[in-house]
Novice: 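Below you'll find the structure I mean.
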Amino acid sequence: MSSPRPLVAQEPKRQRGRLRVAAIIEASVELFKEKGFDAVTMTEIAARSGTAIGSLYRFFPSKDALADALLLQFTTLVTSELTELEKKVSGMAPDELANALIDFSESLRAQRNFAAALLEERGGRESRRMEFREFMRQRIARILRKSIPDLDASRAKTMAIVILHSLKVVSATEQETPAARALILTETRKLVRLYIASAVG
């Protein structure tokens, strides 16, 4: 991943400004979910957030800049959660590690689906998608190697890819009933546990 970028074009120096940026972010998320990225205007975001249009443009010069800020928030959150997980995995049993990875994925499901939809709607962002995919594979591989010290790097990278695809199965069950989704999640946990256990020497 590239080095962190500022969330806004002009960083607010006062608490009032920080609250204003938070309100803009919240309003933009709501509107993008309701209407889609293309249909939303900066005027609507300003109105929903109770922000003067001039102030909105001072913090976010364009709708694309605002979308970039939302995506940056998501990647920052993912990075933070993975860092915390990596601190805890040393010595974890396969079932504990499988549960930790699935719980991590589930805790970010809503944000991940929103970020994916935002990328899809904007178009022309395949390079960013590929960059994020590679970042996730590298971090999961690192977590696997920390939990299973004798796992070689190549096997860890392959396992990370398989595990991430397995987690996508759960993410793709939004249209299922709650009972069906719970069952799919339980079965996925079993699969990931067995798969990780197969790598333990």
Novice: Report the distance from atom OG of S90 to atom CD1 of I148, rounding to the nearest 0.5 Å.
Specialist: 11.5 Å
Novice: Quick one: does E44's side chain have a donor or acceptor within less than 3.5 Å of a partner on T41's backbone?
Specialist: yes
Novice: Given side chains that start at C-beta, do those of V40 and S28 come closer than 4.5 Å, heavy atoms only?
Specialist: no
Novice: For E86, is there an ion pair with R145 - N to carboxylate O distance below 4.0 angstrom?
Specialist: no
Novice: What is the distance from atom CG of L85 to atom NZ of K146, rounded to the nearest 0.5 Å?
Specialist: 9.5 Å
Novice: Just wondering, do L82 and R142 contact through their side chains at under 4.5 Å, heavy atoms?
Specialist: no
Novice: Mind checking whether E134 and M130 have side chains closer than 4.5 Å, heavy atoms only?
Specialist: no
Novice: Set out, in order, the CA-CA distance, both residues' side-chain angles and the distance that settles side-chain contact (heavy atoms from CB on, under 4.5 Å) for E34 and R48, then state yes or no.
Specialist: CA-CA 12 Å; E34 291 171 14; R48 176 73 66 94; 3.0 Å; yes
Novice: Report whether L101 and L77 are members of the same hydrophobic cluster (ILVMFWY, side-chain heavy atoms less than 4.5 Å apart, transitive linking).
Specialist: yes
Novice: Side chains of F104 and L167, heavy atoms from C-beta outward: is any pair under 4.5 Å?
Specialist: no
Novice: Is any NZ, NE, NH1 or NH2 atom of the basic residue among E106 and R181 found under 4.0 Å from an Asp or Glu carboxylate oxygen of the other?
Specialist: yes
Novice: So, S49 and T51: side-chain donor and acceptor under 3.5 Å apart, yes or no?
Specialist: yes
Novice: Assess the residue pair V192 and N99 against the criterion (side-chain contact (heavy atoms from CB on, under 4.5 Å)); give the C-alpha distance rounded to whole Å, side-chain angles, the decisive distance to 0.1 Å, and a yes or no.
Specialist: CA-CA 8 Å; V192 176; N99 284 333; over 6 Å; no
Novice: With side-chain contact (heavy atoms from CB on, under 4.5 Å) as the test, would you mind laying out the steps for L71 and F132 before giving the verdict?
Specialist: CA-CA 11 Å; L71 292 171; F132 183 72; over 6 Å; no
Novice: Quick check on the hydrophobic clustering: are M92 and V200 connected, directly or via other members, by side-chain heavy-atom contacts under 4.5 Å?
Specialist: yes
Novice: Given 3.5 Å as the limit, does a donor-acceptor pair link the side chain of K63 with the main chain of F37, or not?
Specialist: yes
Novice: Could you grab the distance from atom CD1 of I161 to atom CE of M136, nearest 0.5 Å is fine?
Specialist: 12.5 Å
Novice: Shared ILVMFWY cluster between Y195 and V169, side chains joined below 4.5 angstrom?
Specialist: no
Novice: Out of curiosity, L118 CG to K33 NZ, how far, rounded to the nearest 0.5 Å?
Specialist: 11.0 Å
Novice: Should V89 and I163 be regarded as members of a common hydrophobic cluster, given that ILVMFWY residues are connected when their side-chain heavy atoms come within less than 4.5 Å of each other, either directly or indirectly?
Specialist: yes
Novice: May I ask you to decide if T76's main-chain N or O and S80's side chain share a donor-acceptor pair within less than 3.5 Å?
Specialist: no
Novice: Just say parallel, tilted or perpendicular for the rings of F32 and F114, cut-offs at 30° and 60°.
Specialist: parallel
Novice: Can you name the closest pair of heavy atoms from A116 and R129 and give their distance?
Specialist: O-NH1, 4.4 Å
Novice: Mind listing the closest non-hydrogen atom pair of L144 and A160 along with its distance?
Specialist: CD1-N, 3.9 Å
Novice: To the closest 0.5 Å, what do you measure between CZ (R112) and OG (S107)?
Specialist: 8.5 Å
Novice: Please name the pair of heavy atoms, one in I140 and one in L164, separated by the smallest distance, quoted to 0.1 Å.
Specialist: CG1-CD2, 4.1 Å
Novice: State the CD-OG1 distance between E131 and T75, to the nearest 0.5 angstrom.
Specialist: 9.0 Å
Novice: Which heavy atom of A69 sits nearest to which heavy atom of I25, and what is that distance?
Specialist: CB-CD1, 4.4 Å
Novice: Any donor and acceptor pair, going by atom type alone, linking the side chain of K157 with main-chain N or O of R137 inside 3.5 Å?
Specialist: no
Novice: Between E96 (side chain only) and A93 (backbone N and O only), is there a donor and an acceptor less than 3.5 Å apart?
Specialist: yes
Novice: In sequence, state the C-alpha distance, the side-chain angles, and the governing distance for F60 and V21, and then conclude on side-chain contact (heavy atoms from CB on, under 4.5 Å).
Specialist: CA-CA 9 Å; F60 302 100; V21 168; 4.1 Å; yes
Novice: State plainly whether the residues D103 and R189 are in salt-bridge range, i.e. N to O under 4.0 Å.
Specialist: yes
Novice: How close do T188 and S166 get, counting heavy atoms only, and between which atoms?
Specialist: CG2-O, 3.9 Å
Novice: Hey, any chance I53 and L31 share a hydrophobic cluster, counting ILVMFWY side chains that come within less than 4.5 Å of each other, even indirectly?
Specialist: yes
Novice: Where do L151 and A199 come nearest, in terms of heavy atoms and distance?
Specialist: CD1-CB, 4.0 Å
